[in-house]
Amino acid sequence: MEYAEQTDRSESHAQAALGLLKSHAVAPNPINYTVAYVHEAGRDPELSRAIDGLLTDGGQLTPDFLREAFERHFGMAREAQAVREGGARLAAEAERALSAAEGARSALDTAADEAQRLADRLEQGDTIDPRRLAEAARGLALLARRTAQRTEGAVRSLDAATDQIGGVRRDLDKVRRELATDPLTGLANRRHFELRLGEEIALARETGDPLTVMLVDVEGFDAIAAAHGPGIGDQVLRLVGKTLADGVRGRDVAARFGAQRFAVALPHTTESESGAIAEQIRNIVSGRRIVRRDNREAVGRIALSVSRATLQPGEDIGRLIARAEAGLDGRRTRSAR
């Protein structure tokens, strides 16, 4: 994403972005700063709506929120850059391969023309001095060796181009995996989850099969992190993530959906069937214990809140997720009373 701005305006946006991050005690690393700068510059209305909505509701900018915003709004730029770089490497190798092949073809044409002229003279009954005939034969042999060398070079160039294609594919696969994965838990990130959920919604509409979305929150996560430190908080998230990853099957998609929120798409699953899955996940997580390394103190029981929503006729992805989130918000309100 490239912008052309006047220097004074860009400096103003930069200062505003740094001020926004400072006010929320967030480090101005490249990811956080990029999101804040684009928001302050008003270059991405969708991004600004998300940030303004969070702040209006009294929320805080957090590293998790900013990372997810970066993945959602700027991830495709990274993939496009990988495609451009890979394309440039392939173009260079292809040019070298074509040049070598052209050289080999030219040498073959020359050898063929020389052999044809010699054959024509012999057919016409020309008397050729044996020495000249031997000289012509040596010339043809030399052309044949040069042609073989150039052909070998063309083959090497084509092999190199093939290797480059494989390398570009591996690079793109790596970029796509990184763009689709939450680095802490190894699950899909929100961007990838919503892409997959959109595909499953379209398929469910065609087949009429049920599709249920399950949202999972870690109860009291902020208190756990405050009492035991962010490292323990990360361990809790990894535990929940691994439990979900171990429990998915077939086309199920498990993802980290927010700071302490997870999501699971369950194709071919009704809301009542998903209840058994939710209970199993709760039991597994609550049965695990996390122990601090410094003092061997055990963290308390990890409890999960789970909400489920099954796709309704004519419902889009936004409404489906909103209904699942409403269920979590209702549980949080009741527990706070």
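- Between the CD1 atom of I51 and the CG atom of L55 there is a distance of 7.0 Å, given to the nearest 0.5 Å.
- Rounding to the nearest 0.5 angstrom, the gap separating the OG atom in S274 from the CD atom in Q280 is 12.5 Å.
- Separation of atoms CG (D182) and CZ (F257) is listed at 13.0 Å; rounding is to 0.5 Å.
- Between the side chains of E271 and T212, no donor-acceptor pair is found at a separation under 3.5 Å.
- Between L20 atom CG and L66 atom CG the span is 8.0 Å, to the nearest 0.5 Å.
- When only modelled atom types and interatomic distance are considered, H13 and E40 share no side-chain donor-acceptor pair under 3.5 Å.
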Next on the checklist: Evaluate L211 against L203 for side-chain contact (heavy atoms from CB on, under 4.5 Å), listing each step before the verdict.
Outcome noted: CA-CA 10 Å; L211 169 65; L203 187 59; over 6 Å; no
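- With sequence neighbours left out, Q312 forms a side-chain contact (heavy atoms from CB on, under 4.5 Å) with E315, R323.
- A salt bridge does not link D316 with R319: none of the charged nitrogens is closer than 4.0 Å to a carboxylate oxygen.
- Atom-to-atom distance recorded for I284:CD1 and R282:CZ is 12.5 Å, nearest 0.5 angstrom.
- Heavy atoms only, all atoms of each residue included: P267 and E200 are closest at CG-OE1, 3.6 Å.
- Between the side chains of T185 and R256, not a single donor N or O lies within less than 3.5 Å of an accepting N or O.
- In this structure, F221 has no ring pair (Phe, Tyr, Trp, His ring centres under 6.0 Å) partners at least two apart in sequence or on a different chain.
- Residues passing the side-chain contact (heavy atoms from CB on, under 4.5 Å) test with A254 are L187, L244, V248, V264, sequence neighbours excluded.
- Dense packing is recorded around CZ of R205, with more than 12 heavy atoms of other residues, nucleotides or ligands lying under 6.0 Å away.
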